[in-house]
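Take a look at the structure set out below.
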Amino acid sequence: MNKAEFITAAGFAISLLFHMTQTEVCPPSCNCKSLGETKGLQIDCSSRKLKEVPALPVNAKRLYLQNNSLTTVPPGALDSLLSVEEVKLFDNPWNCDCHILYLKFWLEDVSEPSLANIRCATPAPVRMKPLKQLTGNELGTCKKTLPIKCLEFFWRDLILIAAAIVTFILVAWALKFSKKVVFQINLRRYTTRGPLLWRHTSKNHKLH
């Protein structure tokens, strides 16, 4: 493999690693449809009896998760959906304790209408109440719940960053090694041709 081919292969490897850090595959339990010029996807996971939110494509524009068996959303599970514009989460048996705070805050930033349509199923004191109207006292308290849950996503991102750094170091080392090999080959050629040239010159002098 020559230098140009090696650089091309290394670039491909880095590009592949970059794309692996982002979820772009449609969940098997959902139906995904391209929205064309908007360069996004409509992710329809409604009426699938889902108990957990699946890994979602980062380019989701419309997200439909209504009419499932969702009770909560883990902290950080929706943070990668930076371009989402429409969300439907109604008709789920939401458990409105302190663990639902992440979803409540996320919807306040992304989709107020969707938050207004979510009603609690449990616990009994808040049953059928809109999540949007619940106060901190009604939701209860969870000491250090969000930071502990977020550690899972922190370690995942840390591993991906470390993998990218290791890949970069390996590529840099390989390029440096290839330059060294080329230099040694050229040096050997020069040292081999040098004595031959000197002998040829000496022979010519003797003939003259």
Side-chain angles (χ1 to χ4, degrees), residues 18-32 40-164:
F18 174 78
H19 286 292
M20 287 175 62
T21 63
Q22 300 183 340
T23 304
E24 296 181 353
V25 179
C26 183
S29 56
C30 306
N31 181 32
C32 300
L41 291 176
Q42 173 180 295
I43 315 297
D44 188 358
C45 303
S46 61
S47 305
R48 300 297 203 281
K49 298 181 180 180
L50 298 177
K51 294 183 179 180
E52 295 180 352
V53 176
L56 299 166
V58 296
N59 58 340
K61 285 284 187 180
R62 301 173 186 171
L63 176 60
Y64 303 148
L65 284 164
Q66 72 271 21
N67 194 27
N68 280 295
S69 299
L70 302 174
T71 58
T72 190
V73 177
L78 304 174
D79 288 353
S80 61
L81 307 183
L82 302 179
S83 59
V84 68
E85 296 176 350
E86 182 182 1
V87 183
K88 294 182 180 179
L89 291 163
F90 57 87
D91 288 342
N92 279 290
W94 296 109
N95 181 36
C96 295
D97 62 2
C98 60
H99 298 92
I100 204 72
L101 283 173
Y102 167 75
L103 178 63
K104 185 174 186 290
F105 294 152
W106 185 80
L107 287 174
E108 285 176 354
D109 293 335
V110 175
S111 178
E112 283 280 356
S114 180
L115 178 59
N117 291 329
I118 292 180
R119 293 183 177 273
C120 303
T122 55
V126 296
R127 180 176 173 80
M128 296 307 297
K129 287 187 177 181
L131 176 59
K132 182 178 181 180
Q133 297 179 7
L134 296 186
T135 63
N137 292 332
E138 291 174 305
L139 292 173
T141 58
C142 286
K143 296 181 180 179
K144 298 183 180 180
T145 297
L146 292 180
I148 292 174
K149 290 289 185 179
C150 289
L151 280 176
E152 299 176 5
F153 298 93
F154 169 77
W155 285 115
R156 180 198 64 184
D157 294 340
L158 184 63
I159 291 172
L160 291 173
I161 293 171

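Fair warning: this is a prediction, and the values are worked out from it, not measured in the lab.
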Pair Ser47-Asn67, side-chain donor/acceptor within less than 3.5 Å
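A donor-acceptor contact under 3.5 Å links the two side chains.
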Ignoring hydrogens and angles, state whether a donor on the side chain of Asn31 or Tyr64 is under 3.5 Å from an acceptor on the partner side chain.
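Per modelled atom types, Asn31 and Tyr64 side chains form no pair under 3.5 Å.
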Is the side chain of [X] donor-acceptor paired with the backbone N or O of [Y] at a distance under 3.5 Å, no angle test?
| X | Y | answer |
| --- | --- | --- |
| Trp106 | Gly76 | no |
| Asn68 | Lys51 | no |
| Asn92 | Leu89 | yes |
| Ser80 | Val58 | no |
| Tyr102 | Leu78 | yes |
| Arg119 | Lys129 | no |
| Arg62 | Gln42 | no |

Margin query: Run Cys96 and Thr122 through side-chain contact (heavy atoms from CB on, under 4.5 Å) and show every step you take.
Written below: CA-CA 6 Å; Cys96 295; Thr122 55; over 6 Å; no
Distance check, rounded to the nearest 0.5 Å: [X] atom [atom1] versus [Y] atom [atom2]?
| X | Y | atom1 | atom2 | result |
| --- | --- | --- | --- | --- |
| Cys120 | Met128 | SG | CE | 9.5 Å |
| Leu63 | Ile43 | CG | CD1 | 7.5 Å |
| Ser114 | Gln66 | OG | CD | 9.0 Å |

Do you know which two heavy atoms are closest between [X] and [Y], and how far apart they sit?
| X | Y | answer |
| --- | --- | --- |
| Cys45 | Leu56 | SG-CD2, 4.5 Å |
| Cys32 | Pro27 | SG-CD, 4.1 Å |
| Thr71 | Pro93 | CG2-O, 3.3 Å |

- request: Any chance you could lay out the side-chain contact (heavy atoms from CB on, under 4.5 Å) test for Val53 and Leu70, step after step, and finish with the verdict?
  value: CA-CA 7 Å; Val53 176; Leu70 302 174; 4.2 Å; yes
(message) With side-chain contact (heavy atoms from CB on, under 4.5 Å) as the criterion, how do Leu139 and Lys104 come out once you've worked through the C-alpha distance, each side chain's angles and the decisive distance to 0.1 Å?
(response) CA-CA 11 Å; Leu139 292 173; Lys104 185 174 186 290; 4.3 Å; yes
message = Just so I know, are the side chains of Leu115 and Val87 near enough to count as touching, which here means a heavy-atom distance under 4.5 Å?
response =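 No; the side chains remain at least 4.5 Å from each other.
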> Are Leu134 and Ile100 side-chain neighbours, meaning at least one heavy-atom pair lies under 4.5 Å?
Replying inline: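 No, every pair of side-chain atoms sits at 4.5 Å or beyond.
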- Query: Is Glu86 atom CD crowded by more than 12 heavy atoms from other residues, nucleotides or ligands, each under 6.0 Å away?
  - Reply: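 Yes, because the 6.0 Å sphere around CD of Glu86 holds more than 12 heavy atoms from other groups.
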Could you walk me through whether Leu131 and Trp94 pass the side-chain contact (heavy atoms from CB on, under 4.5 Å) check?
-> CA-CA 9 Å; Leu131 176 59; Trp94 296 109; over 6 Å; no
Would you please name every residue forming a side-chain hydrogen bond (donor to acceptor under 3.5 Å, both in side chains) with Asp44, sequence neighbours left out?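 Asp44: side-chain hydrogen bond (donor to acceptor under 3.5 Å, both in side chains) contacts with Ser46.
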| said: Check this for me: does any side-chain nitrogen of one of Lys132 and Glu108 sit under 4.0 Å from a carboxylate oxygen of the other? | reply: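 Result for this pair is no, no salt bridge flagged.
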